[in-house]
Q: 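Below is one structure. I have some questions about it.
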Amino acid sequence: MTILAIETSCDESALALIETRTNNGNFECRVISSLIHSQAELHSAYGGVFPSLAKREHGKNLPPLLDKLLTDSNLTSKTVSNEEQLNIRAIIENFKTELSGQNPDLLDSLEKAQFLNSIPLIDRIAVTEGPGLEPALWVGINFAGFLSKLWSIPIVPVNHMEGHIIGSLLESDKPSDKWQALKKLQLPAVALLISGGHTELVKIGPKMASGAFKYTIIGQTKDDAVGEAFDKTARLLGLSYPGGPNISRLANEARKMKITPEVKLPRPMISSGDLNFSFSGLKTAVLYAVRDYSKIHKDLDDNFKRGLALEFEEAVTEVLDSKLRKAIDQYGAKALIIGGGVSANERLRKQFEQTATEYGLDIFMPSRHVSGDNALMIALAGALHLNEDVRDIKASGTMKLGTSS
Ligand code: KG4
Ligand code: ZN
């Protein structure tokens, strides 16, 4: 089965193509191609993701990205009869009429597209339906709907957060002729999902009759997501978006230079007794620290910034790790998954690895390519839902993964 995946939930326009098969009853896949067009630089002028700009950019990016994906992957195309050709023309004209009011950027970009001239042998389209920015999600969903009609193949809707979970189980994200099995996950497992929009602890398991996992949200943030706290803190320190990597760089410099932070930040909700989080207070504490410092000094000194970045990263690490340990104890986790863009953070990765070692658990974290938003994880998560009934797909900004505990 060949699956094309589309991801447009935030500021990455991403497409991927994988092939799947069952080998001795086990799921296997082959990565054919995975492309990510990041809009981060464009959004950095706004200090965060600007939804209408993201929508426009996805419209511009998807057709050329699909052309590149199909050219790179050398897929065989179906021969199209004259009758089919007429049908295809009608579908294209219909979609163009729909788009003219809704998404002129996608319309413009479609005019130059090469993929309209043939039908590649693809069996399914997996697309992110939520959670994320609704105007951005709709671009991917509408594009998937169009391709589904054009190629007469079904769509599989995918929850973005499940993508972050399953993406961590991939052995290798490199395009290759080799087949690979997903890493074996002992159940129940606990996933810590940390991104720009989410901070969630999810219990995974048991496996359901369909072969998909059962998910239960066992903890979540009451306000800001941890990635959002990184981004807002970075902004307060005059660093550009996305803030996570910049904060991490300053914190590492502080460690190397043995700088002692001038400010002690809170560890929000560390003793709350439950598995929930809160990060808005942490950002406010950084705001006050910067304000107090600015009353005395004209500019923020580099070492003050380094110290504050270090203290911030330590506060986040302590809180996330303490809740992760609590979740392991409470749910008898046999394995850990860390997913989402913030899982690229080196300090956090080291801490979670140490925790897994102490508990004697397997830990799965995504490689760099699949730690941020990408379509490869959407293709893999989609592959777990191929047997489900076809249904209408609607963008859902606040879509939940499974049930809440
Ligand atoms: O999963 P993701 O790519 O997009 C969302 O679905 O939100 O996560 C993006 C978030 C941003 O807030 C970014 O600052 C953060 O991940 N991030 C990091 C690092 N790299 C990316 N945060 C901390 N340390 C990093 N190295
Ligand atoms: Zn994400």
Side-chain angles (χ1 to χ4, degrees), residues 5-14 36-41 43-44 46-51 54 58 128-134 136-137 140 158-168 191-200 202 220-221 224-237 239-253 255 279 282-283 309-310 312-317 319-320 337-352 365-378 380-381 396-399 401:
I6 303 172
E7 155 63 39
T8 62
S9 68
C10 194
D11 59 347
E12 258 91 35
S13 316
I36 303 171
H37 183 123
S38 176
Q39 307 169 9
E41 225 167 89
H43 293 279
S44 92
Y46 301 91
V49 183
F50 194 48
H58 288 313
T128 307
E129 65 173 344
L133 304 168
E134 284 189 9
L137 287 163
V158 176
N159 183 304
H160 180 85
M161 303 316 284
E162 181 171 22
H164 277 305
I165 290 178
I166 306 299
S168 301
L192 174 64
L193 301 178
I194 40 180
S195 71
H198 290 84
T199 307
E200 276 173 4
V202 181
Q220 57 195 315
T221 183
D224 291 354
V226 63
E228 199 178 347
F230 267 101
D231 295 336
K232 286 178 174 170
T233 296
R235 208 171 165 187
L236 290 168
L237 298 184
L239 305 166
S240 63
Y241 172 85
N246 289 323
I247 294 282
S248 175
R249 180 176 44 80
L250 286 195
N252 281 339
E253 287 172 9
R255 283 184 196 102
F279 289 105
L282 192 51
K283 164 212 64 195
L310 172 62
F312 175 83
E313 200 172 63
E314 289 303 318
V316 166
T317 306
V319 171
L320 291 177
I337 287 185
I338 314 291
V342 181
S343 71
N345 185 280
E346 281 169 34
R347 172 72 184 95
L348 286 171
R349 285 175 94 96
K350 268 202 198 108
Q351 183 59 52
F352 298 146
M365 293 191 269
S367 64
R368 223 157 232 292
H369 175 81
V370 289
S371 70
D373 289 345
N374 65 91
L376 189 50
M377 67 183 198
I378 302 303
L380 290 169
S396 165
T398 54
M399 189 177 196
L401 180 64

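Start at 1 and go down the list; that is how both ligands and their atoms are numbered.
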Q: With a cut-off of 2.8 Å, does any N, O or S atom of His198 fall short of it relative to the Zn ion (ligand 2)?
A: no

Q: Write down the atom of Pro366, the atom of Ser343, and the distance for their closest heavy-atom approach.
A: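 Answer, listing the atom of Pro366 first, then Ser343: CG-OG, 3.4 Å.
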
Q: Which residue and non-hydrogen atom of the protein lie closest to atom 24 (N) of ligand 1, and at what distance in Å?
A: Asn345 ND2, 3.1 Å

Q: Supply the atom-to-atom distance Glu12 CD to Asn374 CG, rounded to the nearest 0.5 angstrom.
A: 8.5 Å

Q: Should you measure from each heavy atom of Gly197, which atoms of ligand 1 turn up under 4.0 Å away?
A: 7 (O)

Q: So which atom in Ala225 and which in Gly197 form the shortest heavy-atom distance, rounded to 0.1 Å?
A: CB-C, 3.4 Å

Q: Identify the heavy atoms of Ser13 and His58 that sit nearest to each other, and give their distance.
A: OG-ND1, 2.8 Å

Q: Looking at Ser195, which atoms of ligand 1 are within less than 4.0 Å of one of its heavy atoms?
A: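 Selected atoms, number and element: 1 (O), 5 (C), 6 (O), 7 (O), 8 (O).
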
Q: Which residue supplies the protein heavy atom nearest to atom 10 (C) of ligand 1, what is that atom called, and how far is it?
A: Gly196 N, 3.5 Å

Q: For the Zn ion (ligand 2), what is the closest N, O or S atom on His164?
A: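 Distance check against the Zn ion (ligand 2) picks out NE2 in His164.
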
Q: Check this for me: does any side-chain nitrogen of one of Glu313 and Arg255 sit under 4.0 Å from a carboxylate oxygen of the other?
A: yes

Q: Atoms of ligand 1 less than 4.0 Å from Gly243 heavy atoms?
A: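 Ligand 1 atoms under the 4.0 Å threshold to Gly243: 14 (O).
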
Q: Measure Pro245 to ligand 1 on non-hydrogen atoms and call it side chain, backbone, both or neither using the 4.0 Å cut-off.
A: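 Pro245 to ligand 1: contacts from backbone and side chain alike.
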
Q: Within the structure, is a non-hydrogen atom of Glu313 found at a distance of less than 4.0 Å from ligand 1?
A: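 No, Glu313 has no heavy atom closer than 4.0 Å to ligand 1.
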
Q: Which protein heavy atom lies closest to atom 6 (O) of ligand 1, and at what distance to 0.1 Å?
A: Asp373 OD2, 3.2 Å

Q: For atom 15 (C) of ligand 1, what is the nearest protein heavy atom, given as residue, atom name and distance?
A: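 Going atom by atom, the protein heavy atom closest to atom 15 (C) of ligand 1 ends up being Val342 CG2, 3.8 Å.
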
Q: Check each heavy atom of His164 against ligand 1 and say whether those closer than 4.0 Å belong to the side chain, the backbone, both or neither.
A: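 Near ligand 1, His164 shows its side chain, while the N, CA, C and O stay back.
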
Q: In the protein, what heavy atom is nearest to atom 23 (C) of ligand 1, and what distance, to one decimal place, separates them?
A: Gly244 CA, 3.5 Å

Q: Please state which protein non-hydrogen atom is closest to atom 14 (O) of ligand 1 and give its distance, to 0.1 Å?
A: Asp231 OD1, 2.7 Å

Q: Pick one: which of Asn345, Val316, Ile338, Thr221 meets side-chain contact (heavy atoms from CB on, under 4.5 Å) with Ile194?
A: Ile338

Q: Near Gly372, which atoms of ligand 1 are under 4.0 Å from a heavy atom of that residue?
A: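 Listed by number with element, the hits are 3 (O).
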
Q: Say you draw a straight line from CZ of Arg347 to CZ of Phe352; how long is it, rounded to the nearest 0.5 Å?
A: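 Going from the CZ atom of Arg347 to the CZ atom of Phe352 covers 9.5 Å.
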
Q: Between His160 and ligand 1, which part of the residue brings a heavy atom under 4.0 Å of the ligand: side chain, backbone, both or neither?
A: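 Looking at His160 and ligand 1, just side chain atoms fall under 4.0 Å.
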
Q: Find all atoms of ligand 1 within a distance of less than 4.0 Å from any non-hydrogen atom belonging to Gly227, and give their numbers and elements.
A: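 This gives 12 (O) as the contact atoms.
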
Q: Starting from atom 1 (O) of ligand 1, which protein heavy atom do you reach first, and at what distance in Å?
A: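 So the nearest neighbour among protein heavy atoms is Gly341 N, 2.9 Å.
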
Q: With rounding to the nearest 0.5 Å, note down the distance linking CG in Asn246 to CG in Leu237.
A: 10.0 Å

Q: Can you give me the OD1-the Zn ion (ligand 2)-NE2 angle for Asp373 and His160, to 10°?
A: 90°

Q: Any idea which heavy atoms bring Leu282 and Ala315 closest together, and the distance?
A: CD1-CB, 4.1 Å

Q: Taking only Lys NZ, Arg NE, NH1 and NH2, and the carboxylate oxygens of Asp or Glu, determine whether Glu253 and Arg249 approach each other closer than 4.0 Å.
A: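 The answer is yes: the pair qualifies as a salt bridge.
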
Q: The Zn ion (ligand 2) and Cys10: any N/O/S contact shorter than 2.8 Å?
A: no

Q: Name the residue from His164, Met161, Glu162 that meets the side-chain contact (heavy atoms from CB on, under 4.5 Å) definition with Met377.
A: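 Only one option passes, and that is His164.
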
Q: At what distance, to the nearest 0.5 angstrom, does OG1 of Thr8 lie from CD1 of Ile378?
A: 9.5 Å

